[in-house]
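The structure presented is a predicted model; accordingly, all values stated were derived computationally and were not measured. Below, chains carry the letters A, B, ... as their sequence lines are ordered, and counting in each starts from 1.
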2 protein chains.
Amino acid sequence: MQSAPHIVVVDDHGDIRDLVGKYLAQQGYRISVAESGTALRRILERGAPDPIVLDVMMPGEDGLSVCRQLRSTMQLPIIFLTAMADDTDRIIGLELGADDYLTKPFNPRELLARIRAVLRRVNSLPPNREAIKAKTVQFDHWQLDVGRRELIGGDGVGIALSTAEFRLLKAFLEHPGLVLSRDQLLDLTAGRSADCFDRSIDNQVSRLRKKIELDPKNPAIIKTHWGGGYSFSAEIASA
Amino acid sequence: MQSAPHIVVVDDHGDIRDLVGKYLAQQGYRISVAESGTALRRILERGAPDPIVLDVMMPGEDGLSVCRQLRSTMQLPIIFLTAMADDTDRIIGLELGADDYLTKPFNPRELLARIRAVLRRVNSLPPNREAIKAKTVQFDHWQLDVGRRELIGGDGVGIALSTAEFRLLKAFLEHPGLVLSRDQLLDLTAGRSADCFDRSIDNQVSRLRKKIELDPKNPAIIKTHWGGGYSFSAEIASA
DNA sequence: GCCGTTTGTCGCAGAGTTGTGCCTGACCAA
DNA sequence: TTGGTCAGGCACAACTCTGCGACAAACGGC
């Protein structure tokens, strides 16, 4: 959680700039807005922002050419806004190196979700599939059957895990001991659903704890790091 | 600490100039006041100040145009004062290159906080992530596990660090030996909360010392530089 | 189409952390 | 030595973060 990310919104419509800017500022981001590619370049001179939200359709220089030009000089995450729901344009945008796109009219919440996803990806951990090549993994008094997505207790009794629980547990097993932020966990659990409220991770952790911890109130396997995230602190042995 | 920063307050209201000027002078800053853009330019001829506090609404030439003109000729931190609580205007200010803004009526303390934040940003140290690419760092009789956010003592016993403690220690490890001012430390520890009273750093240092120093009363690792800040003076080896 | 399961969201209460006030003691300059 | 400023440290308060129960929406099987 470094200092708040800096987002630049580029759109020729004042009302969209207002709406988006206001909403994102409210969410704690540092916002700059620009009405054209030229104005954007002026902002960029004063330091690189984290992601850029860029309208495709603008009079004069359009978003695609701005993107093309930016990409040639610097590595910046770009999220496109486009009025055209036509897939062709989406694909062109992504081909140019956009990290994501959104078609108007859009829900501000969804934009927020995309932005967070992009930011997550930028700070993402390298994957570590090695740890889990094995068919079963042992930790604490459990044995995880990766294929069956099932936990087997010391007494041989199996407990079924839901998809999300299994993904979360796998993310932990692939990065044992590390303190993982909620954003990283969202990323690791293949945060397919563009959900933005990372409190959902809290809930998943809570549910998982209820299944695997002897005493869920005093968790011994998944530890909480106040202000930091969670870590998996049990010994792991793959078989 | 170098010589006190020089702040120019530009507002057409005499009472605000007095109030703000008096308060900031009391805090140890060198203050100039101006009632208009013309007066500001006269002050600027005599040397560039550090930040400018600029009212948006002024008769004649307003703050926005003053800002636009300043930005075209020199690189100066600008903090806007605006009576309009409307977010649109805030964003317009940022678009023009303001570094921060404040809506009237404002708390002088908050203005102070913003000024300090801007000054911190201007004097900020370049980040030095290289030093800590390694997974663990050794110093004194400790070994810091960066991923686990844990200190391991010579006896192998781990000590958990809180988020703020970990950030502070990391800041020190990334700039070993350097005397870091409280402002720089606030900046390095991602001083998210724009709190102005740097005594909080003292407290963090105190808490950290209690955890890592053999004798917290006679600190050997984190040294105090009277009137200057703190420095990390242990040998560091990354593994 | 209905129903059970899963999963995200909300809201509140509790826990832990972190900032602030205040006092004491250390350091520096006359 | 004396006065002033700055740092250390304690304790409290405020704050933020987290845990979790409850609810609702989404999903999938039948």
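In this structure, CG in Leu178(B) is found 8.5 Å from OG in Ser231(B), a value given to the nearest 0.5 Å. Interatomic distance, CG of Leu208(A) versus CG of Leu169(A), reported as 5.5 Å (0.5 Å rounding).
Residue-to-nucleotide contacts include no donor-acceptor pair under 3.5 Å from the side chain of Asn203(A) to the base of dT7(C).
Considering only side-chain atoms of Trp226(A), the nucleotide from dC17(D), dG19(C), dA26(C) that sits closest is dC17(D). In this structure, of dC6(D), dG8(D), dT9(C), it is dG8(D) that holds the atom nearest to the side chain of Asp202(B). The side chain of Ser200(B) lies closest to dT20(C), out of dT7(C), dT20(C), dA7(D). Of the candidate nucleotides dG8(D), dT18(C), dC20(D), dC20(D) has the atom lying nearest to any side-chain atom of Lys217(A).
Considering only residues two or more places apart in sequence or on other chains, Gln204(A) meets the side-chain contact (heavy atoms from CB on, under 4.5 Å) condition with Ala164(A), Glu165(A), Leu168(A), Arg207(A). Annotation: side-chain hydrogen bond (donor to acceptor under 3.5 Å, both in side chains) contacts of Asp155(A) (sequence neighbours excluded): none. Residues passing the ring-ring contact (aromatic ring centres under 6.0 Å, His included) test with Tyr29(A): none are found, sequence neighbours excluded. Partners of Arg148(A) under the side-chain hydrogen bond (donor to acceptor under 3.5 Å, both in side chains) rule, at least two apart in sequence or in another chain, are Asp145(A).
Between the side chains of Asp15(A) and His13(A), no donor N or O sits under 3.5 Å from an acceptor N or O. Between the side chains of His6(B) and Ser32(B), at least one donor N or O lies within less than 3.5 Å of an accepting N or O.
For the pair Asp140(B)/Phe232(B), no side-chain contact is recorded, criterion being any heavy-atom separation below 4.5 Å from C-beta on.
For dC6(D), neither phosphate oxygen OP1 nor OP2 lies less than 4.0 angstrom from any side-chain nitrogen or oxygen of Arg199(B). Phosphate contact (OP1/OP2 of dT17(C), side-chain N/O of Thr163(B), threshold under 4.0 Å): absent. For dG19(D), the OP1/OP2 oxygens have a side-chain nitrogen or oxygen of Thr224(A) closer than 4.0 Å. Tyr230(A) has no side-chain polar atom (N or O) that falls below the 4.0 Å cut-off from OP1 or OP2 of dC17(D). Taking 4.0 angstrom as the limit, Arg109(A) places a side-chain polar atom (N or O) nearer than this to OP1 or OP2 of dT9(C).
The CD-C1' distance, from Gln204(A) to dT18(D), rounds to 16 Å in whole Å. Between the P atom of dT6(C) and the CG atom of Leu169(A) lies a distance of 16 Å, rounded to the nearest Å. The separation between Ile201(B) atom CD1 and dC6(D) atom P is 17 Å, rounded to whole Å. At whole-Å resolution of the value, NE2 in His225(B) and P in dA7(D) are 12 Å apart. If you measure from atom CG of Asn218(A) to atom P of dG14(C), you get 17 Å, rounded to the nearest angstrom. Rounded to whole angstrom, the span from the NZ atom of Lys223(B) across to the P atom of dA7(D) amounts to 17 Å. If you measure from atom CD of Gln27(B) to atom C1' of dT5(D), you get 15 Å, rounded to the nearest angstrom. Straight-line distance from the CD1 atom of Ile222(A) to the P atom of dC20(D): 12 Å, rounded to whole Å.
Across residues 205-216 of chain B, Arg207(B) each have a non-hydrogen atom less than 4.0 Å from an atom of DNA chain C (numbered order).
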Give the intermediate values and the outcome of salt bridge (Lys or Arg N to Asp or Glu O under 4.0 Å) for residues Arg182(B) and Asp202(B).
CA-CA 8 Å; Arg182(B) 288 172 177 71; Asp202(B) 290 47; 2.6 Å; yes
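Helix-axis bend for the helix from dG1(C)-dC30(D) to dA30(C)-dT1(D): the local axis fitted to the five terminal pairs at one end deviates from that at the other end by 40°, rounded to 10°.
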